[in-house]
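This report concerns only the one structure given below.
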Amino acid sequence: MKFPALFGRIAFSTLAALIGAAFALPLLWFLFAPFNARAELGLAIPDPFTLSNFNTVFGNGFAMQALWNSLIQAVGGVILVGAAATLAAYALSRSSIPGKGAVTYILLLFSSVVSGSAAMVPIFLIISAAGLMDTHLAVILTFAGGLLPTAMFILRDFIDSIPKSYEESAMVAGASPVQAFFDVALPVIRPGIVVIVVWSFVNIWGSFLIPFILLRSSANMPAAVAIYSFYSEAGTPVVTLLAAYSLIYSLPVVALYLFVSWRFGFRFFGGIKA
Amino acid sequence: MTTEPITTEAKKVRNFSLLSNRAGAAFLTPAGLLVSVFVIVPFFWVIFVSFTNRTLLGRTALNPEFVGLANYLALFDPATFFQRGQFGFSLILTTQFVLASALIGQALLGLLLAWLIQTVPPWIKRLTETFVIAAWILPEVVIGFAWFAFLDRDAGTLNMMLNAIGLPSGDFLLDQPFWVIVVFNTWRGAAFSMMLFNSAFSSIPPSYFQAADVAGATSWQKFRDIAVPLIRGHIVTNLILITMWTFNTFTPFLLTNGGPSYRTELVSIYNYRVAFQDFQFGKGAAVGVIMMLINLAFALVYLSIGRKKKAPGT
Amino acid sequence: MASVAFSKVTKSFGEFKAVSDVSFDIGDGEFVCLLGPSGCGKTTSLRMIAGLETPTSGQVMIGGEDVTHFHPKDRNIAMVFQDYALYPHMNLADNIAYPLKVRGEAVSKRHARAKEVADVLKIGHLLDRLPSQISGGQQQRTSLARALVYPAQVYLFDEPLSNLDAKLRLEARGFLNHLQRDMGMTAVYVTHDQAEAMALATRIAVMDQGRIVQYASPIEIYRRPATTFVANFVGNPPMNLVEVEATKDDGKLQLKADGLTIAALPMTDAIGTALAAGSKLTLGIRPEHLDVAGAGAPNTITAPLFANENMGPESLVTIDRGEGARVTARIFTDDHIALGETVTLGFAADHVHLFDSAGKRIPEING
Amino acid sequence: MASVAFSKVTKSFGEFKAVSDVSFDIGDGEFVCLLGPSGCGKTTSLRMIAGLETPTSGQVMIGGEDVTHFHPKDRNIAMVFQDYALYPHMNLADNIAYPLKVRGEAVSKRHARAKEVADVLKIGHLLDRLPSQISGGQQQRTSLARALVYPAQVYLFDEPLSNLDAKLRLEARGFLNHLQRDMGMTAVYVTHDQAEAMALATRIAVMDQGRIVQYASPIEIYRRPATTFVANFVGNPPMNLVEVEATKDDGKLQLKADGLTIAALPMTDAIGTALAAGSKLTLGIRPEHLDVAGAGAPNTITAPLFANENMGPESLVTIDRGEGARVTARIFTDDHIALGETVTLGFAADHVHLFDSAGKRIPEING
Amino acid sequence: VDLDVTCRCVIGGVNSATAEWIENSVIPAFEAANPGVNVRLNQFGGEDAQLTQQLALDFSTGAGPDVSAFDGFLIPSFVEGGLLKSLDEVAGAEVNDWSGWDALSEGSRALMLYDGKYYGIPLGTDVRMIHTRKDILAEAGIDADTWQPTSWEELLDAARAIKAIKPDSFPLQINAGVAMGEATTMQGYWLLLLGTGESVIDENGKFIVESQGILDTLNLYKTVYVDEKLGDQRAQLLADGRNRSFANFRDGVTALLLEGDYFYRSVTPEGSEFAVANRDEVQGWAKVPAQEPGKGIRGQDFVTISGGTGFVLNPNTDSPAEAWAFLSFMNEPEQLSAFQALQPRITARTDVEIPDSPFLTETSQTLLPLTTARPNDPNYNAVSSEIQRMTEAVVSGELSPEEAMAQYKASVTAIVGADNVVSLL
Ligand SMILES: Nc1ncnc2c1ncn2[C@@H]1O[C@H](COP(=O)(O)OP(=O)(O)OP(=O)(O)O)[C@@H](O)[C@H]1O
Ligand SMILES: Nc1ncnc2c1ncn2[C@@H]1O[C@H](COP(=O)(O)OP(=O)(O)OP(=O)(O)O)[C@@H](O)[C@H]1O
Ligand SMILES: [Mg+2]
Ligand SMILES: [Mg+2]
């Protein structure tokens with residue numbers, strides 16, 4: 001009887017570790033290829049080990065500028081999504097505006113159309129009419145609009161799960177609704193906002209289509225677009241450079257995730273349920 | 001009470017709420033504007049254009065004509081509906097894809113992972129979580145390429161491993177493209193389900209499981225009888241989101257370009273081809289509208305299942 | 001400090017009336033407990049005083065001013081929440097000083113004041129901890145400190161002690177009692193624990209289903225409960241209620257029930273009126289007025305023993321008259337009472353309460 | 001039914017020892033309460049019996065068998081949780097029958113059995129409700145029913161009544177008392193409410209900081225607390241403890257403290273030994289053994305009044321000897337006691353407890 | 001005045017030469033010659049089709065670069081959509097006075113011509129041929145230096161000979177399938193179709209949707225990829241197929257590969273990903289034969305096809321004069337020579353030398369006289385996609401040539417209308 005209990009635990013651990021390993025496998029290649037002078041699609045221990053690919057990539061001004069552009073767009077988008085979603089989700093959770101329940105579901109469905117390529121044209125036309133073509137702002141606004149419905153949906157559930165007595169006690173103590181929001185509600189909602197921030201950062205950082213449609217000059221293009229510069233006219237990838245650039249390009253999201261999970265804990269605190 | 005309530009005359013009686021309607025409206029404004037401009041307007045534009053023959057190039061680029069339901073009829077033309085490379089074919093493909101990779105793959109694997117990591121030692125939990133989440137957060141161009149290398153017939157990591165244990169190499173992208181994108185999408189998206197279910201499980205008081213332990217339940221019985229029914233709300237939300245995301249996902253394109261010979265041409269890829277390779281915006285818009293209706297149908301089904309099961313006794 | 005008054009206040013949630021046509025006055029410096037079972041509308045009433053709910057009809061007055069539609073922040077009240085609602089991201093000092101912060105006090109001044117209050121409440125040494133790092137009792141005192149940090153007109157408490165364990169509850173109760181005598185604050189205190197209400201209140205409002213059924217001093221409520229509901233709610237253990245069949249016999253009142261022997265009682269006008277409405281009366285005897293008696297004593301109830309609990313200085317002896325009708329005696333003795341299968345409990349005639357068939361108290365001759 | 005024993009059981013969480021080297025025996029059919037303040041290791045001990053925690057060292061025996069490493073499901077125990085742990089998605093019938101379900105019983109059979117148990121507990125008419133649709137007391141009985149539905153060797157209770165309000169708690173306590181007498185079950189019952197422990201237990205194990213400080217019958221613990229800790233923990237309000245300076249004077253024991261007047265006590269050998277270790281003793285008097293006295297009475301404590309709470313049949317009078325040292329008298333009277341600023345409480349010499357400087361009880365001459 | 005120029009080229013990327021040329025040579029020189037004009041180069045990093053989308057969207061809203069690189073075959077569809085205007089409409093009649101027009105060969109001038117008007121200046125053109133691995137041919141006992149098939153059968157025979165000694169190899173590569181995109185049409189299907197004496201469009205401008213030529217072409221595909229496995233079927237079906245075909249050539253798996261001169265210029269030079277080791281020794285070329293001698297288009301024995309790119313003016317440019325000045329400036333001989341110094345290629349202008357590239361000199365002299373241009377048809381783009389699908393259906397073995405052609409017929413008819421198709425069966 002002692003053993004079944006132990007066996008169960010070992011079996012669980014083994015299974016979990018195996019699944020984790022299976023998830024890591026497709027990424028192994030990226031740990032090796034960038035350090036190979038001449039990479040194949042195969043997995044090969046770098047021999048000789050070289051950093052020359054990184055030198056080449058760092059020497060590519062366009063590619064480096066693109067990373068910076070990605071950062072501007074992602075950070076700008078995240079701030080806008082975070083702020084607008086927080087305010088809106090708070091209103092949806094705490095005010096008694098009629099019909100607020102259905103709103104998020106409907107928006108969520110609408111956004112499913114708009115996230116497809118079908119809506120790229122109207123978005124282009126809107127940005128163009130607003131005179132925002134080829135600006136970071138265009139990308140930031142468009143992402144904010146597209147990501148907001150889901151962000152609001154997730155965050156509203158999160159706020160619903162937080163006791164109202166926090167704000168109530170603040171108001172009884174003399175705080176105005178705005179004070180109560182900033183002093184009390186906002187810090188308490190923070191773990192939920194963090195989830196939204198990571199989620200939208202990841203989305204913007206990796207997205208190709210929207211910046212591609214809305215930007216023109218190479219000085220504004222983000223890395224998701226720039227990575228294609230390592231393809232030739234016919235699509236010939238320079239595998240080693242591509243791998244090196246991919247690695248650099250991936251680092252910020254990984255770093256953000258690690259930072260956030262270390263600093264705040266990245267999980268959906270009991271939030272999100274229908 | 002017998003007295004008339006009319007005594008509270010028409011003076012502006014506002015019921016207290018944490019956020020007054022006016023403040024609520026102000027809070028909703030930024031999001032409302034952004035969503036109106038970038039979601040609602042395009043949404044109606046897409047609906048409108050789906051009734052025209054607008055294209056990007058050629059004669060109908062600037063002067064599209066109203067064609068009524070022609071785009072929809074063309075999509076649902078019974079003569080070609082099920083042919084490869086036609087709408088019906090990708091619709092069925094996508095449905096299978098959603099069932100296999102979202103419902104069975106992501107949701108079940110996410111559920112299993114979330115359940116497993118409740119009990120395993122912290123370092124295994126941390127490590128497994130990190131890999132699963134890495135698959136979710138890395139940029140799609142990057143993982144598209146990683147998988148390409150992973151599945152390469154000649155030197156790919158997967159075949160290397162198969163060979164190492166004495167199995168023959170497989171030409172997965174060519175022979176099993178559908179299952180490749182199913183596995184790929186499962187891999188890519190399981191993290192979301194895992195995190196959601198993880199938080200759902202940790203919101204269940206531990207005493208529920210301990211009570212079952214004491215009552216004599218096995219791990220499976222606890223999972224089936226207690227854990228799953230208690231997180232039904234989370235399951236519904238999760239299914240709505242991942243179904244929608246999977247339905248719209250375009251990432252498999254990076255792996256297969258929708259091929260070989262349309263075997264992985266999901267509706268989103270079909271939509272892309274129609275709109276951006278064939279430049280037929282009208283038809284593409286019609287595809288978009290139908291995709292939304294299908295998403296709507298899924299959402300309603302989930303919600304009604306979620307509600308119905310809660311009903312007895314209420 | 002200020003008085004508080006409800007005037008014909010009703011609060012409906014949809015169809016459901018959580019509070020029905022309630023009126024009462026709370027004098028300046030009074031400590032009133034709202035007592036009643038779960039769901040009777042206590043919290044709703046309290047929240048209407050705080051301004052966190054708006055009455056459907058009627059007026060709420062504080063200090064003579066109609067504040068029915070005032071925002072909570074404009075009422076100058078202080079409130080202690082059942083779940084404390086301590087802000088998890090602020091340390092105790094900031095939590096306690098928050099009301100001063102929103103009043104625009106300077107940092108140094110408000111922290112000095114927070115320290116002062118915290119010291120009084122014996123949590124001065126914890127000021128830089130987060131709420132998650134202190135015990136339940138300390139959390140309770142922190143939330144109290146936050147309410148006491150600024151001078152409010154009225155102090156509101158929503159079951160502030162119900163999350164504490166017995167010992168801490170007792171201690172905190174003593175503390176509140178002391179505070180009330182010191183400060184002479186106007187307080188409204190919601191609880192469903194009658195002992196708390198008895199110990200703290202200058203007056204108790206017993207509520208049931210959205211209405212106030214009795215509003216009087218603790219002693220009055222203990223001695224002359226207005227209805228069987230109040231009788232059954234107040235007292236620990238509560239008053240024993242025995243349904244009796246009453247007849248007028250020889251100008252005296254005869255009461256009959258299984259296992260009950262009781263001498264005939266003198267008739268009064270009130271009893272006559274009650275009898276006219278129905279002959280089923282309810283006899284009430286508090287447990288502390290029952291004692292183990294010999295089988296032949298005059299006023300007794302006899303039934304099989306159900307439980308016999310000795311608790312140190314006192315014992316509870318419960319007999320079961322069938323169908324869940326139990327009678328408990330509370331006997332002050334620090335020894336175990338040896339009892340047989342069947343037990344007879346005796347009482348004095350002048351400790352008897354009578355309620356009419358609608359459950360309303362029948363006034364005593366001298367009451 | 002079976003006996004339970006701990007043999008030198010220790011449970012550490014990291015560095016911290018939640019339970020330290022605890023040994024005890026619980027006889028077949030005994031009802032033992034684990035009593036102690038929050039964090040003293042009660043729940044941890046109980047969970048080791050259940051198998052929900054594994055001891056760091058030592059053995060847990062049930063029915064003479066070493067079950068230290070058995071999985072909970074293999075121990076044949078039943079447990080009632082503090083939060084009841086009723087499954088919100090199952091109706092009462094399914095909740096109660098769940099242990100039978102996992103044992104593979106057929107649906108009809110297990111529902112029949114659930115009905116049987118539920119009827120005994122008077123919740124038979126609620127079987128198709130969900131837990132959220134019944135009251136707290138009914139939930140408590142449901143969780144009890146789930147524990148009773150199958151024959152277990154040992155029944156474990158982790159503060160099962162602490163979520164109930166005072167009235168329901170009393171009722172449920174009476175019910176458990178009755179059940180225990182009927183079934184003669186072996187039970188281990190965790191509580192931090194001393195009244196509950198006193199009322200229910202055949203023996204009480206008082207725990208402090210992971211150790212058992214006294215393991216004896218309720219009366220014994222009430223009458224002869226082994227340490228000041230036990231004295232202070234048992235009794236409501238707890239025993240008053242007064243630090244005194246002791247001197248041997250004329251073959252008698254003289255005790256001195258501010259506001260205290262007490263006649264000299266006879267010396268015993270035990271007192272002599274205690275005095276050898278230090279002259280600071282602790283005098284203990286239970287609140288119910290104190291009464292308001294005239295200023296000139298022989299054995300008294302005098303200090304300013306701190307609180308005067310009347311609670312119906314009894315009053316608590318608390319005086320404050322300074323620096324938080326308070327003395328409470330529990331006086332059985334149903335009237336408010338009028339008191340001045342300063343109050344004198346009197347006691348009888350034979351109700352006095354004495355503890356040595358380490359807090360250990362000094363046995364009475366006749367004890 | 002600010003001018004924006006866009007090309008599908010990125011410095012440090014694979015089309016670095018063009019970008020470097022514009023950035024380091026053309027712009028400084030032009031700015032020096034035209035004080036007050038600032039020129040900015042947008043380096044476009046995406047795919048061809050993506051640049052097409054961008055330009056179409058931009059031109060439709062009056063935005064976009066003043067001068068842009070442009071693929072000639074797109075001109076008709078842009079013009080029909082009202083998205084492009086002829087050069088003289090944009091910049092005035094003086095455009096026609098430019099000295100450079102005379103230096104353009106007839107064939108290359110046609111690249112940017114539609115309805116008798118110039119829409120841009122062609123930069124260069126290309127030709128298609130069979131690239132050979134002489135070492136492999138030699139192994140199979142074929143004299144690589146003189147080998148020149150004169151019919152499809154001879155081409156197949158050479159492939160069979162190699163397959164016989166190297167059963168694991170895929171000696172012949174003729175592009176097919178969707179993933180290869182336009183390379184399927186231009187480097188594969190059409191090149192073969194011309195060998196049957198047909199083209200995609202007949203002399204009346206109607207699309208041929210049924211013909212023996214189509215069937216023969218598809219059957220050749222079937223022979224190569226399905227029946228005899230002379231070609232690498234996977235490379236036609238997988239998303240990165242074109243790279244695989246290049247790698248096959250590099251690794252000697254493929255000995256005969258139908259591609260443009262671009263393959264020599266950009267794919268196999270030393271230092272690139274698909275560099276062929278010892279290239280001067282082992283890489284050769286041969287003309288693409290007609291199905292039978294004399295059966296090719298216009299009765300030719302050998303066939304080839306040319307496309308070309310150039311630069312166009314934005315119809316809505318704010319500074320048409322400067323834009324035109326820049327466009328013509330970059331097409332003056334000095335600038336084109338500067339480009340040749342960076343990367344030799346076949347220029348549109350006859351007065352610019354191809355320096356030091358025997359391969360380009362030889363092939364252009366041999367093949368340009370034989371070449372055929374893509375048709376000027378606004379629907380070409382969409383039909384080309386259908387061609388890719390048709391070939392894919394055949395090489396994957398899913399459909400027979402007849403079935404594939406039937407589907408092609410239905411799709412093309414749906415695109416261009418029944419009036420604009422013709423059946424030759
Ligand atoms: N926002 C609301 N919407 C609908 N019903 C409500 C709302 N708030 C309270 N109620 C209902 O009003 C009634 C009174 O609620 P209230 O919270 O005042 O009870 P209470 O006396 O404080 O009970 P408890 O002791 O359980 O806290 C309850 O039946 C409750 O269900
Ligand atoms: N899993 C754990 N990890 C670390 N420490 C623990 C764990 N479980 C309990 N403890 C610690 O062990 C000590 C004893 O805990 P236990 O739960 O047994 O107390 P208890 O007597 O039941 O208290 P309470 O009356 O508050 O329930 C506490 O200090 C607690 O913080
Ligand atoms: Mg309440
Ligand atoms: Mg505990």
Side-chain angles (χ1 to χ4, degrees), chain A residues 12-13 15-17 19-20 23-30 40-43 84 87-88 90-91 94-97 107 109-119 121-123 126 142 144-146 148-149 164 167 177 202 205-206 224 227 246 249-250 253 257 267-270 272-274, chain B residues 17-19 21 23-24 27-28 30-31 34-35 37-40 42-43 45-46 113 116-117 119-121 124 127-128 131-132 135 137-142 146-147 149-150 152 155-157 160 195-196 199 203 233-234 236-237 244 248 268 271-272 275-276 281 284-285 288 292 295-296 306:
Chain A
F12 267 45
S13 300
L15 188 55
I19 297 179
F23 269 81
L25 278 181
L27 299 173
L28 274 187
W29 183 80
F30 265 114
E40 301 290 337
L41 293 178
L43 199 59
L87 289 176
Y90 188 74
R94 294 300 202 233
S95 76
S96 47
I97 290 175
L107 289 182
L109 283 167
F110 279 19
S111 73
S112 81
V113 174
V114 173
S115 64
S117 45
V121 177
I123 285 175
I126 289 166
T142 306
L148 266 172
K164 289 187 170 129
E167 293 107 290
V202 164
W205 187 260
I227 204 166
S246 295
Y249 172 42
S250 301
V253 282
Y257 166 72
R267 51 192 208 91
F268 303 113
F269 284 69
I272 321 199
K273 55 175 179 287
Chain B
S17 69
L18 278 180
L19 204 58
N21 283 0
F27 275 31
L28 279 170
L34 282 167
V35 170
V37 172
F38 293 102
V39 175
I40 296 179
F43 172 78
W45 189 92
V46 168
L113 273 168
L116 285 180
I117 63 177
T119 47
V120 304
I124 295 187
L127 216 62
T128 301
F131 287 133
V132 175
I137 59 173
L138 289 180
E140 55 182 33
V141 208
V142 173
W147 269 73
F150 178 62
D152 189 66
T157 314
M160 246 175 59
M195 285 189 292
L196 193 110
S199 90
S203 71
H234 293 84
V236 169
T237 302
M244 214 174 75
N248 289 320
S268 58
N271 189 10
Y272 175 80
F276 278 104
F281 288 155
M292 191 214 63
N295 278 324
L296 176 67

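Note: hydrogens, waters and symmetry copies are ignored here, and every other heavy atom, side chains too, is used. Every chain is numbered from 1, with letters handed out A, B, ... down the list of sequences.
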| message | What part of A:Ile126 gets within 4.5 angstrom of chain B, counting heavy atoms only: side chain, backbone, both, or neither? | response | side chain
| Pairwise distance CD1(B:Ile137) to CH2(A:Trp205) - rounded to 0.5 angstrom | 12.0 Å
| query | CG of B:Leu116 to CG of A:Leu15: how many Å apart, nearest 0.5 Å? | reply | 5.0 Å
On a heavy-atom basis, which atom in [X] and which in [Y] lie closest, and how many Å separate them?
X        : Y        : answer
B:Pro30  : A:Leu87  : CG-CD1, 4.3 Å
A:Val253 : B:Pro139 : CG2-CD, 4.1 Å
B:Ile124 : A:Ala16  : CG2-CB, 4.1 Å
A:Ala84  : B:Leu34  : CB-CD1, 4.5 Å
B:Val39  : A:Gly145 : CG2-O, 3.2 Å
B:Ala146 : A:Pro26  : CB-O, 3.5 Å

If you tally heavy-atom pairs under 4.5 Å against chain B, which of [options] wins?
options                      : answer
A:Pro177, A:Ala17, A:Ala24   : A:Ala24
A:Ile123, A:Leu107, A:Val202 : A:Val202
A:Ile19, A:Thr142, A:Leu27   : A:Thr142

| message | Under a 3.5 Å distance rule, please check whether A:Ser250 uses its side chain to pair with a backbone N or O of B:Leu138 as donor and acceptor. | response | no
| task | Count the heavy-atom pairs under 4.5 Å between each of B:Val35, B:Val132, B:Ile117 and chain A, then report the option with the highest count. | result | B:Val132
